[in-house]
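Here is the structure we will look at, set down as structure tokens.
Predicted, not measured: the structure shown is a model, and the values here were computed from it. A note on names: the letters A, B, ... follow the listed sequences, proteins ahead of strands, and every chain is numbered from 1.
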Amino acid sequence: MGLGDPIEIQFLIERGYVRKKCPKCGEYFWTLDPDRETCGESPCEPYSFIGRGIADKSLEEVREDFLSFMESKGHTRIGRYPVIARWRDDLFLTSASIVDFQPFITAGLVPPPANPLTISQPCIRLKDVDKVGPTMGRHLTIFEMMAHHAFNTKERFVYWKERTVELFHEYATEVLRIPEEEIIYKEGIWEGGGNAGPDLEPIVRGLEIATLVFMEYREENGKYVPMDTKVVDTGYGLERITWLLRGDPTGFHAVYGDLVDTFRSELGIERVEERLLSRYSEVSSILRELERGRKVEALRRRIAEILMLDSSYLEEKIAPLEKAFALLDHTKTIAFMLADGLVPSNVNEGYLGRLLIRRSLKLLKLLGVETNLSELVARQVSYWSGKGFPELKEALDRIVEIVDIEQARYEEILRRGEKIVRGIVKSKRKLDLEDLITLYDSHGVPPELVQTVAGKLGVNVEVPDNFYELIAGRHESRKPEAPKLPPFIDELDRYKPTKLLYYQDPYLMEFDATVIGHVGDMVLLDETAFYPEGGGQPSDVGVLSWSGGRAEVVSVEKYKGRVLHRLNGPLPPLGTRVHGKVDEERRLSRMRHHTATHVILEAARRVLGPHVWQWGAQKGDEESRLDITHYKSITPEELERIELLANETVMRNLPVNTFWLLRTDAERRYGFILYQGGVVPDPALRIVEIQGYNVQACGGTHVTRTGDIGPIKVWRARRIQDGVIRLEFSAGVPAARRLIKAHSKLKEIAQSLGVSEEEVDKAFKAAMEELKDLRREIRRHAREIEEAKIREILKEFEKVGDYRISHVELASVSLDEGVKLVDKLVGSEERVVILTKPSGDRVEVAVLVNGYDLMAGDLVRETTKSVGGGGGGDQRLGRGSIPKEKLESFLEVIRARLGGS
RNA sequence: GGGCCCGUAGCUCAGAUGGUAGAGCGCCGGCUUUGCAAGCCGGAGGUCCCGGGUUCGAGUCCCGGCGGGUCCA
């Protein structure tokens, strides 16, 4: 059977179901009613469940009913996975329950945690974020996907299509008590995550309440091929089912209960009568416009027509409520994301978190309320922690803090952006592309905001559609190079995988092995102690020697389990016994740094919180770096606590154990915290466990006890990016060396200050303070003395031509200061004041012209030049300098100039 | 890792073209007011991030470093 063929379920046929084609959407469906025309799903037919409740059940009751029903049918209930898909490198968020089990379990490479199993998985999808609110609950960014999954392998068949439909049918009719004749099964095709298969979508009263997917194909080079493992992938919409059962006016009423009213009144929004809301929901369900992204306002006008209401009345009533609905949804999503350890940033899942937070802040702004977003999020936390998610409450403080920080940031950007835009508009009445780029590039102000602000000032700004491309182009962005596979990659299959001695004994530095191949210009051995580059640990170097030859190993690479040694000399012939010697000092240093990385990461988690994840790491011989996620900068005190905890862990001399586990077992035992160094693309994981302290999946070489690390010193912590802090540290010998050096410098300073090392900072500050005071005192003195002197000098003058001139010889104040004094003291008297001040082998000069029409700058330029100096200035003041011995002639030249004119 | 921007008084920031370092807020003192809010007058407060260079002269120009922001990988 191929994709798109009729899906014939005997169970349904026996019950009298017939296959029909919907004249509206053209899709096939199964129904008990032979006279039925359409498929029954909105928008082919409107909702018919609103106001016709079947049972007054809460969301939790519906969830519990489902899970225990599936348990009674032989399924094992398992707990939810995080909403951040840390185990996937192709997804940021958990968007469906099956995401939990891709790719290894669905591919049959790793056994599932239970089989069959049932779960209620909170899922986040941001694709339809614009529709949340206007569709009255049909779209949500966060929802729970209840599911039962069965994984059918060659070895074990669990159940397939018939049983799946039976299970759904029984659940719908017995547990939900939906009359059988109201259930319609629509045929469809489901694709996602590299898998595909036919599906059935049960429709009840206009609403699709589940999707029953029979996953039996996987994508290979753009084509679908049958899988060995066939997976039952069901998804039951908890929120939709609850809505259907209750018949509430909107989905939000069904999901959020009394939070709807809490939010409504908190946001100062008028209550809308239920009848109107219900009618609105029903009518909106048949309109496709929204789905196609048409403007909400246009949609509302059509609904107003259908309901025969004034459209501005409807707009006024509904628009604010939609925003409250969107806020209900977004704040819940934010709460879950942050509880599961998301740190807002400008990349990856961090960006998605920020996106939702900023959207919410914008909604608050549009509603014109002053409420802090964190208050609303906190309400969600307490609401949901009482409804099956107690883990949210533990993260409350952090969640509130992060949301507050993000709000402050957002407001800061708005403020700054507005200021800059105003400045530009004021100075040139328009904004061009260059301005937009600068604003975005250097100030982080998005063009949409610029448009808004400029619009308020009456300036129209064009934002090109390809704006973000332009920015990228400016940054000469290089495409990330696809991991280049060497040309000999297929050749490798001929050889046996290398025996990895460095895993058996990380301290093994010498070994004997046999050359089993030459690949490219590299040597392949049957076993090796050389560690190849990987996991942020650089490759080993060392020496290979054999009878009649010797070569340095300059780098080591590993492909497909074969370790290749690159030599800088002749290659030993095939079959040669070689003796390998790893550069011990470097290797040991890297091992220490590597284990230290794990130690520091855990210390950071314990000090800062469980949202801390490794973002990246680079190990070196002298110094290593560990980048961690954190939402603000680390304080010096926090850093000290991290360092202390790390060093205490070293001193506890904990065993470091390494072993292999299947992914499912490892995840069950340790959780997703394992995936710190990125996603490992293998069914089995190498576990590095610092006993009783930290566990990670890691392929690196590690010391066997933490005591072997030696001292750990974090030199500095700095924000390298939004939401990412880089810790630069040393471990072992380099740490000790640098600490010793730093301490001897400190000792030296303490000695010169004549204080103990403990007081060196205080003494230094005091000395600086004293220095400052003394400087001030000296300057004040000098000024007083000079002032008195200048006052005397200015009383007299020499008449040269039409000018009265005075000569002030400065001794203890700077020329600048002298000029200021003269300027103050000369008052309104007509005078040309020449100031001179010796400075090394030159004399600084200034001429201040007071009350005469004379260009001081020109005068100084010409006169200084004529005696071998230089200078210039403006109308009132000229300044320059001349050689010391030319002072007398300089004064003569000035006299001559003034006298002659 | 790379691009761009910034670093000036306790804080927020001005300081075309290189030429006597400024404003607002805050602080101190005085005046005005029944008091408050405020207003008026005066004052203290500066290693213009650090180091080098160009120049007669650098907060300003150039190079390097440190610190911060922002964008792109």
Side-chain angles (χ1 to χ4, degrees), chain A residues 345-348 351 409 412-413 415-417 419-420 423 427 434-447 467-481 615-616 618 625 627 632-633 715-726 768-769 771-777 779-780 783 808 810 813-826 833 835-850 855-884 886 890:
Chain A
S345 79
N346 53 0
V347 290
N348 302 356
Y351 173 74
R409 248 182 230 264
E412 172 64 21
I413 287 179
R415 205 183 58 76
R416 200 169 46 190
K419 198 173 147 183
I420 300 171
S427 69
E434 203 55 33
D435 296 321
L436 282 179
I437 292 176
T438 314
L439 276 159
Y440 183 67
D441 227 23
S442 308
H443 304 282
V445 184
F467 180 78
Y468 293 96
E469 277 173 49
L470 287 174
I471 296 276
R474 253 170 88 92
H475 291 285
E476 284 296 311
S477 66
R478 226 186 8 222
K479 278 256 184 291
E481 285 170 39
W615 183 263
Q618 186 65 52
R625 355 185 270 222
D627 299 342
K632 55 180 179 181
S633 17
W715 303 115
R716 58 178 176 177
R718 55 193 189 117
R719 285 172 53 121
I720 56 163
Q721 188 193 305
D722 235 8
V724 182
I725 311 274
R726 171 165 296 170
M768 285 301 284
E769 208 50 47
L771 183 68
K772 223 165 129 179
D773 285 348
L774 283 173
R775 264 196 199 139
R776 208 158 34 219
E777 197 59 22
R779 219 172 41 214
R780 204 168 53 85
R783 210 161 38 212
V808 173
L810 296 168
V813 300
S814 71
L815 194 68
D816 275 359
E817 207 113 33
V819 168
K820 255 196 283 186
L821 284 171
V822 169
D823 198 14
K824 189 176 88 181
L825 295 171
V826 76
V833 184
L835 294 98
T836 58
K837 153 104 194 188
S839 166
D841 53 359
R842 298 184 72 87
V843 174
E844 291 180 66
V845 301
V847 175
L848 187 73
V849 174
N850 207 43
M855 274 300 291
D858 293 346
L859 177 67
V860 171
R861 185 175 307 110
E862 286 154 26
T863 51
T864 50
K865 202 168 174 188
S866 70
V867 297
D874 59 23
Q875 188 149 17
R876 258 200 95 216
L877 179 71
R879 30 197 321 179
S881 88
I882 51 171
K884 190 164 66 177
K886 292 291 173 63
F890 169 71

Check whether any side-chain heavy atom of D823(A) lies under 4.5 Å from a side-chain heavy atom of R876(A), and answer yes or no.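 Side chain of D823(A) against side chain of R876(A), heavy atoms only: contact under 4.5 Å found.
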
Between [N] ([atom2]) and [X] ([atom1]): distance, integer Å:
X	N	atom1	atom2	value
R718(A)	G68(B)	CZ	C1'	11 Å
E844(A)	U55(B)	CD	P	17 Å
I882(A)	C56(B)	CD1	P	14 Å
L848(A)	G19(B)	CG	P	16 Å
K820(A)	G46(B)	NZ	P	12 Å

Which one is paired to [N], where only Watson-Crick or G-U wobble pairs with both distances under 3.5 angstrom count?
N	result
U17(B)	none
C4(B)	G69(B)
C36(B)	none

Contact nearer the 5' end of RNA chain B, comparing L877(A) with G870(A):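 Here L877(A) is the residue nearer the 5' end.
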
What is the nucleic acid contact for [X], judged by heavy atoms within less than 4.0 Å: base, sugar-phosphate only, or nothing?
X	value
D816(A)	sugar-phosphate
R876(A)	base
G873(A)	base

Would you indicate, yes or no, if A44(B) has its OP1 or OP2 atom less than 4.0 angstrom from a side-chain nitrogen or oxygen of R776(A)?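 So the side chain of R776(A) is outside the cut-off, no N or O lying under 4.0 Å from OP1 or OP2 of A44(B).
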
Would you say R716(A) reaches G68(B)'s phosphate, i.e. side-chain N/O to OP1/OP2 under 4.0 Å?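 It does not, given that no N or O in the side chain of R716(A) lies less than 4.0 Å from OP1 or OP2 of G68(B).
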
Return yes if some donor-acceptor pair links the side-chain N/O of K884(A) with the main-chain N/O of P838(A) below 3.5 Å, else return no.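 Side chain of K884(A) to backbone of P838(A), a donor-acceptor pair under 3.5 Å: no, none is there.
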
Do the charged groups of D858(A) and R861(A) touch, with an N to O distance under 4.0 Å?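 Salt bridge present between D858(A) and R861(A).
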
